[in-house]
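These numbers come from the heavy atoms of this one structure, side chains and all, not from hydrogens, waters or symmetry mates.
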Amino acid sequence: MMEYNTKQKRLPLPEYGRSVQKMVDHALTIENREERQQCANTIVNIMASMFPNLRNLPDFERKLWDHLAIMSDFKLDIDYPVEVIKKEKFNEPPQRIPYQTGEVQHRHYGRIVEEMIAHACTLEEGEERARLVELITIQMKKNYIAWNKDGVEDKKIFEDLKAYSNGRIDITGGEIRINSQGGTNNNARQNKQRQNGKKNFKRKQY
């Protein structure tokens, strides 16, 4: 009669399958320590062969031995080549992530945009600040469109940026335009680049 997996013992690490778990269960029954060690080494090699794409990870071997200990319910008495996780540490609940508190002015822009604007306000006028402001407008428009599929005019983005920065960043009368791909077209900067290109151009001599 076929035995369904739902009626069998629950696997502590299902990614290795029931066959590997049976190998671990068998290793627990081996009385000879040397044979038990050899069996554990073989099991770990089999486990490693199941995930060849992870072999180059620096802690791959340690994780395999950790997993062997977990699958044996930390009862496998062998000489582990690395220090494995302790049972009390494994059952310890994860630490609570300290989420930031406080409201954001516009949820569709998010807290990261607010922090970027606050940082931009601390910078002096110059290329670094101008580039950061461009990146902020790009991200603001992307976030706005993700929230409102009908789209948004650049003017709205610039006005919100001015309000966010309490007037310290005002590009409402500038020539920056955010294109549909999320980039910006700064006409003044492009004109300057064209002029510099003309100065550096030399007619080819034949």
Side-chain angles (χ1 to χ4, degrees), residues 1-120 122 131-132 135-136 138-149 181-183:
M1 184 176 179
M2 182 179 295
E3 185 177 10
Y4 293 98
N5 285 336
T6 54
K7 295 182 179 181
Q8 298 188 51
K9 175 185 175 181
R10 184 177 180 181
L11 299 177
L13 295 175
E15 57 267 34
Y16 291 107
R18 196 164 296 278
S19 296
V20 173
Q21 182 62 52
K22 288 182 178 179
M23 295 179 195
V24 177
D25 293 341
H26 172 69
L28 289 169
T29 65
I30 300 176
E31 296 182 0
N32 185 282
R33 184 178 181 84
E34 184 177 348
E35 293 181 5
R36 189 165 63 245
Q37 182 72 50
Q38 185 177 359
C39 181
N41 293 340
T42 301
I43 294 172
V44 169
N45 289 334
I46 293 173
M47 291 163 62
S49 67
M50 297 174 67
F51 303 96
N53 57 315
L54 303 179
R55 284 182 178 274
N56 294 328
L57 294 179
D59 58 345
F60 180 57
E61 182 181 2
R62 183 187 61 79
K63 284 186 177 181
L64 291 174
W65 288 103
D66 278 347
H67 292 172
L68 177 63
I70 293 170
M71 286 191 288
S72 68
D73 194 24
F74 302 91
K75 296 176 181 177
L76 188 59
D77 184 17
I78 59 172
D79 295 323
Y80 288 94
V82 295
E83 185 177 354
V84 296
I85 188 173
K86 304 299 182 183
K87 184 174 183 179
E88 56 272 14
K89 190 72 175 179
F90 176 69
N91 294 325
E92 186 178 276
Q95 295 182 352
R96 188 178 183 88
I97 299 177
Y99 289 103
Q100 291 183 327
T101 58
E103 292 293 330
V104 294
Q105 292 186 40
H106 302 289
R107 291 187 177 181
H108 50 274
Y109 289 134
R111 189 179 302 279
I112 293 178
V113 167
E114 283 192 355
E115 294 175 354
M116 291 171 65
I117 295 173
H119 177 66
T122 65
R131 181 54 182 158
L132 179 56
L135 294 175
I136 291 172
I138 292 171
Q139 191 60 48
M140 289 176 69
K141 187 163 187 177
K142 286 181 178 180
N143 291 1
Y144 196 106
I145 293 175
W147 171 70
N148 186 348
K149 300 299 182 182
Q181 283 73 38

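- In plain terms, the two heavy atoms of F51 and F60 that are nearest each other are O-CZ, 3.8 Å.
- The local environment of CD1 in I112 is sparse, with at most 12 non-hydrogen atoms from other residues, nucleotides or ligands closer than 6.0 Å.
- Looking only at side-chain heavy atoms (C-beta outward), I117 and M140 come within less than 4.5 Å of each other.
- Annotation: E15, atom CD; neighbour count of heavy atoms from other residues, nucleotides and ligands within 6.0 Å is above 12.
- Within the 4.5 Å cutoff, the side chain of L132 has heavy atoms near those of the I136 side chain.
- For Y80, the ring-ring contact (aromatic ring centres under 6.0 Å, His included) partners two or more places apart in sequence, or in a different chain, are W65.
- Here H67 contributes atom NE2 and R62 contributes atom CZ; the two are 8.5 Å apart, rounded to the nearest 0.5 Å.
- Residues I85 and K89 come closest through the heavy atom pair CG1-CB, 4.2 Å.
- Taking CD1 of I70 as the reference point, atom NZ of K63 lies at 11.0 Å (rounded to 0.5 Å).
- Judged purely by atom type and a 3.5 angstrom limit, D73 has no side-chain atom pairing as donor or acceptor with the backbone of K75.
- Legend: residues meeting side chain to side chain contact (heavy atoms under 4.5 Å, CB included) with N148, ordered by chain and number and at least two apart, are Y144, D150.
- From F74, atom CZ reaches atom CG of L68 across 10.5 Å, with rounding to the nearest 0.5 Å.
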Below 3.5 Å, can you tabulate the donor-acceptor pairs from side chains in residues 35-50 to any protein atom, sequence neighbours excluded?
unit_1 : atom_1 : unit_2 : atom_2 : d
R36    : NE     : D77    : O      : 2.9
R36    : NH1    : I30    : O      : 2.7
R36    : NH1    : E31    : O      : 3.2
R36    : NH2    : D77    : O      : 3.1
Q37    : OE1    : D79    : N      : 2.7
Q37    : NE2    : N41    : OD1    : 3.4
Q37    : NE2    : D79    : O      : 3.3
N41    : ND2    : Q37    : O      : 3.4
T42    : OG1    : Q38    : O      : 3.0
N45    : ND2    : N41    : O      : 3.3
S49    : OG     : I46    : O      : 2.6

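- Taken from CG in D25 to CZ in R18, the straight-line distance is 9.5 Å, to the nearest 0.5 Å.
- At distances below 3.5 Å, at least one donor-acceptor pair connects side-chain atoms of Q21 with backbone N or O atoms of M71.
- Of all heavy-atom pairs spanning Y109 and N143, the tightest one is O-ND2, 2.8 Å.
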